[in-house]
Every structure is written in C-alpha cells, then in structure tokens.
Enquirer: 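Input: one structure, supplied below.
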Amino acid sequence: MQTAAISKPKLWSLFATFFKIGLFTVGGGYAMLALVRKIIVNERRWIDEDEFVETIAVVQSLPGIFAVNTALSVGTRIRGKGGSLMAALGAVLPSIIIVLALVVFAHSAKDNPTVMSCFKGVRPCVVALILSPALQMAKRAGITWRNVYLPVLATVLVCFWSVSPVWVILAAGALGGVHGLYIQKKGIKA
C-alpha cells in the first residue's frame, strides 16, 4: 500500500520526529500512539489514517517492544530500511538517555517524597494517553454500541481470565473469517 506522503521525509527528519515522540512519551508504547498519530498522520501526513490503523493492528501482533515495533513499521512504510532504522533509533534513544540519567541520580532521589509524588501524579495522564488513541482506533475500526461486546469480551478474556492474547487474536480471526464466508454465501452487504 502506498503512503499518502507528498514527499518522502529526509532520514534525519524521521529520526528527529521519533526522537521527539520518544522524549515526550511517558508510559510506554501504547501511550505514544496519540502522539504518533498526531504528528505522523495529522501534521506531517506521512501516512494516512487507514495505514496507521493497519500498522497498529500488525504491530500489536508482533513479539517485542511495542514502541520499537511501531517505529520500525512506520519508518519502513515511509522510507524503507533506512527509515526503519532511523525511526527506531529515534524512538529508543530518549529512553536510553533518561534511564542512564535516572541510574546516576536515582540513588539520591528514590526516597525523595517530591519525586515519588511526581511519579504518582503522572500515572493518570498515562492512562489518558493510552485510552485516547484506543477510543479513536475503536471508532475507526467500526466499533459501535452494537458490537462493543467484542472488544469487551477480548479484554475480559485476557485481563481477568488470563487467556493468552495469541488465542484471542486467532479466535477472532477465525470467527471473522467464518462470519465473512456466511455473509458472502448469503449475499449480504457488509
């Protein structure tokens, strides 16, 4: 699938963009989705909304670190192997720098109540950063009040019944295939 990019960004621009995303994303890969979508899809228009949703769907099924896989996938779509490398490097370098700084200063700050309060204050924001793109992707994926039970059921299976996400994804794919065949056989418009 071709990207909606007017022109391919320079590799340095791709690195700088993902460095910025990595620097200002607190809470891990899912928290970065809102920022990736805002910058890559809405502002820079390097890929379109459908490609973004497809990319995230594929990235979620891959083993490894979600943030790195997202950067690798988006970088590949935009600039091939070089883009993949630069986007991934840009995404992980801020974390490496921050972790190294924390190691140097953590010993003196670990018992500091102000530092601990700051971390507790950030937690609700991380939840919002994860929830925002999830709701946007749900809307884009066609989740409505009529079929919201499907992601709710998947969440319950994974979170509360400890069913492996792999089995949930495989079952959902199989059920979707059966449903598609049924619709095709009956001649129903999807």
Enquirer: Please tell me if the side chains of W167 and L157 come closer than 4.5 Å, counting only heavy atoms from C-beta onward.
Expert: no

Enquirer: Can you hop from L85 to F66 via hydrophobic side chains spaced under 4.5 Å?
Expert: no

Enquirer: If you look at every heavy atom in L14 and A87, which pair is closest and at what distance?
Expert: CG-CB, 4.2 Å

Enquirer: Report the distance from atom CD1 of I40 to atom CG of L33, rounding to the nearest 0.5 Å.
Expert: 12.0 Å

Enquirer: If you look at every heavy atom in G83 and L11, which pair is closest and at what distance?
Expert: N-CD2, 3.5 Å

Enquirer: Name the atoms and distances for all side-chain donor-acceptor pairs under 3.5 Å in residues 144-153, with sequence neighbours left out.
Expert:
| unit_1 | atom_1 | unit_2 | atom_2 | d |
| --- | --- | --- | --- | --- |
| T144 | OG1 | R146 | N | 3.2 |
| T144 | OG1 | N147 | OD1 | 3.3 |
| N147 | OD1 | T144 | N | 2.5 |
| N147 | ND2 | G142 | O | 3.2 |

Enquirer: Minimum heavy-atom separation for V168 and A154, please, with both atom names.
Expert: CG1-CB, 3.7 Å

Enquirer: Got a second to check how far R37's CZ is from N42's CG, nearest 0.5 Å?
Expert: 5.0 Å

Enquirer: Might you confirm whether atom CD of Q184 has over 12 heavy atoms from other residues, nucleotides or ligands at distances under 6.0 Å?
Expert: no

Enquirer: Looking at A91 and A71, what are the two nearest heavy atoms and their distance?
Expert: CB-CB, 3.8 Å

Enquirer: Report the C-alpha distance between W46 and V74 in whole Å, list the side-chain angles of each, state the deciding distance to 0.1 Å, and finish with yes or no for side-chain contact (heavy atoms from CB on, under 4.5 Å).
Expert: CA-CA 9 Å; W46 287 342; V74 170; 5.8 Å; no

Enquirer: Can you check whether L23 reaches F19 side chain to side chain, under 4.5 Å on heavy atoms?
Expert: yes

Enquirer: Is M32 linked to F24 within one hydrophobic cluster, defined over Ile, Leu, Val, Met, Phe, Trp and Tyr using a side-chain heavy-atom separation of less than 4.5 Å?
Expert: yes

Enquirer: Using side-chain heavy atoms (C-beta onward) and a distance below 4.5 Å, is D50 in contact with R140?
Expert: yes

Enquirer: For P94 versus G90, what's the shortest heavy-atom pair and its separation?
Expert: CD-O, 3.0 Å

Enquirer: Cluster partners of I96, using ILVMFWY side-chain heavy atoms under 4.5 angstrom, listed by chain and number?
Expert: I65, V68, L72, V92, L100

Enquirer: Could you see if V127 belongs to whatever hydrophobic cluster contains L135? Use Ile, Leu, Val, Met, Phe, Trp, Tyr and a side-chain cutoff under 4.5 Å.
Expert: no

Enquirer: Would you indicate whether the side-chain heavy atoms of R79 and M86 approach each other to under 4.5 Å?
Expert: no

Enquirer: Same cluster for I169 and V158 if Ile/Leu/Val/Met/Phe/Trp/Tyr side chains link at under 4.5 Å?
Expert: no

Enquirer: Return the CG to OG distance between L89 and S84, rounded to the nearest 0.5 Å.
Expert: 11.0 Å

Enquirer: Does the S73 side chain pair with the main chain of N69, one donor and one acceptor, at a distance under 3.5 Å?
Expert: no

Enquirer: Give a yes or no answer on whether the side chain of S132 reaches the backbone of A128 with a donor-acceptor pair at less than 3.5 Å.
Expert: no

Enquirer: Which pair of heavy atoms, one from M137 and one from I56, lies closest together, and at what distance?
Expert: CE-CG2, 3.2 Å

Enquirer: Same cluster or not: are I39 and L93 linked, directly or through other Ile, Leu, Val, Met, Phe, Trp or Tyr residues, by side-chain heavy atoms under 4.5 angstrom apart?
Expert: yes

